[in-house]
Amino acid sequence: MPTDEQHGAPAPARCDLAIVGGGIVGLAVARELTRRWPRASVCVLERETQLGMHQTSHNSGVIHAGVYYAPGSLKARLCVEGASELYEYCEARGIAHERCGKLIVATDASELERLEELERRAQANGVRGVRRLDADGIREVEPHARGVAALHSPNTGIVDFPAVARAYAQDAREAGASIVTGCGVRAVSVSGRRLRVAHAQGATEASHAVFCAGGWSDRLAVLAGAQPDPRIVPFRGAYLRLSGARRNLVRALIYPVPDPSLPFLGVHLTKHIDGEVLIGPTALMAGARDAYRLARVRGEDVRDTLAWPGTWRMLARWWRTGVVELRHAAWRRAFVRAAARYVPELRPQDVRPAFAGVRAQALARDGRLVDDFVFSHTERALHVRNAPSPAATSSLAIGRHVADEAERAFDLRAA
Ligand SMILES: Cc1cc2nc3c(=O)[nH]c(=O)nc-3n(C[C@H](O)[C@H](O)[C@H](O)COP(=O)(O)OP(=O)(O)OC[C@H]3O[C@@H](n4cnc5c(N)ncnc54)[C@H](O)[C@@H]3O)c2cc1C
């Protein structure tokens, strides 16, 4: 799944703009900066040997339409704009995608009020085409799904996000950016009018930098002089897949009505662009920021999570939800049962294990799971500090937002 990266460009000693992190957000930022400042020298510094190896290639692959997000939030605006730009981009670049539509299903009357709130949000956010369905309407769209009511969002879709990231990298490279892999950034310091970024290949002196490090964004921000709040706490999201013959249980995308006080959307059934049907993801606090295997534990990551006051405040509030997630992670039957609320024919023997992703979720000192995208500044640098779902959908719009910020914060007249 990772994005292929054949070009082992060496890290430059100097550049105008350095972007740290070669996931879909960093690459979208690089693409936008090279378009806006074609004379600026831009480099992307990525720690792994390939681009897009973390969240970019371990997610549900859904182009969200913008239904869920609080009106007026950055997520609401950047998702709606980003989804529409992403469809156009994929058309233009021949990237695999499908506007397959999605159902958000209420399984009993207790969920109807929240479904209405989602309908209001969709309208307020300018999401087009969303309509309310009754039980018969649900069956027309998804013959195997059951519920008392649903919202249908025809403009939600699926896409190959690693291919999107590859295309952004190609655009940036063609516009003159150097994209350097195997180049983990270890230290950041300001020296006069430049930022010294020390990394695995030595150091790069940049006029300015943008940090887009996903699950490690808090560490890089702190290295550059920012406050530690919010901290990234990794949440592992494991998926199951339907075995071949049972894929016909799901035509497109079936989602629950989410708990509005949590930033996760709940276990959903999603057709993937490669034809698989996935069930998931779970949301379990993980022992490493790259816990693709459940057993992976890294001392530094565990220490960072446990030493953060927000972790204990969050656990005090959400431990019951945590126990449910633990059951889903440990016991496949419970996981399948959660999905069978929406597709009752689903049986444990219909599923196989699939992959897992790790969400980079920002957690505030007061225990709040930070819902919205968060961007911040340090001297000569911008930081993308919280870019959870739907940041892949919103990537082109995030690229523009960051470039607007850069225009205000950086002195790029000479570039
Ligand atoms: C389970 C799951 C399901 C999701 N489903 C969806 C979905 O359906 N639709 C959607 O829109 N979004 C979804 N998302 C969210 C989406 O995947 C992310 O918001 C998006 O990929 C974030 O991109 P990114 O570039 O910020 O992070 P990443 O892709 O994680 O990239 C960060 C990069 O920074 C690099 N890096 C870190 N530290 C350093 C360092 N010191 N030096 C150099 N490089 C460094 C990393 O190696 C990595 O390549 C999902 C996420 C998860 C985990």
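Note that ligands are numbered from 1 as they come in the structure, with each ligand's atoms numbered from 1 the same way.
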Ligand 1 atoms nearer than 4.0 angstrom to some heavy atom of Val62 are 7 (C), 8 (O), 9 (N), 10 (C), 11 (O)
Considering residues, nucleotides and ligands other than Arg132, do more than 12 of their heavy atoms fall under 6.0 Å from its CZ?
yes
Below 4.0 angstrom, N of the basic side chain to O of the carboxylate: do Asp350 and Arg241 qualify?
no
Protein heavy atom at shortest distance from atom 16 (C) of ligand 1:
Ala392 CB, 3.9 Å
Close-contact set for ligand 1 against Gly61 heavy atoms, below 4.0 Å
8 (O)
Any N or O of His58 closer than 3.5 Å to N or O of ligand 1:
no
Numbered in order shown, the ligand 1 atoms found under 4.0 Å of a heavy atom of Glu48 are 47 (O)
Around atom 35 (C) of ligand 1, find the nearest protein heavy atom and jot down its residue, atom name and distance.
Glu46 OE1, 3.3 Å
What are the atoms of ligand 1, with element, lying closer than 4.0 Å to any heavy atom of Val20?
42 (N), 43 (C)
Ala391 neighbourhood, listing ligand 1 atoms whose heavy-atom distance to it stays under 4.0 Å:
19 (O)
Tell me whether Phe235 reaches ligand 1 (any heavy atom closer than 4.0 angstrom to a ligand atom).
no
Output the list of atoms in ligand 1 that are nearer than 4.0 Å to some heavy atom of His54, sorted by atom number.
30 (O), 46 (C), 47 (O), 48 (C)
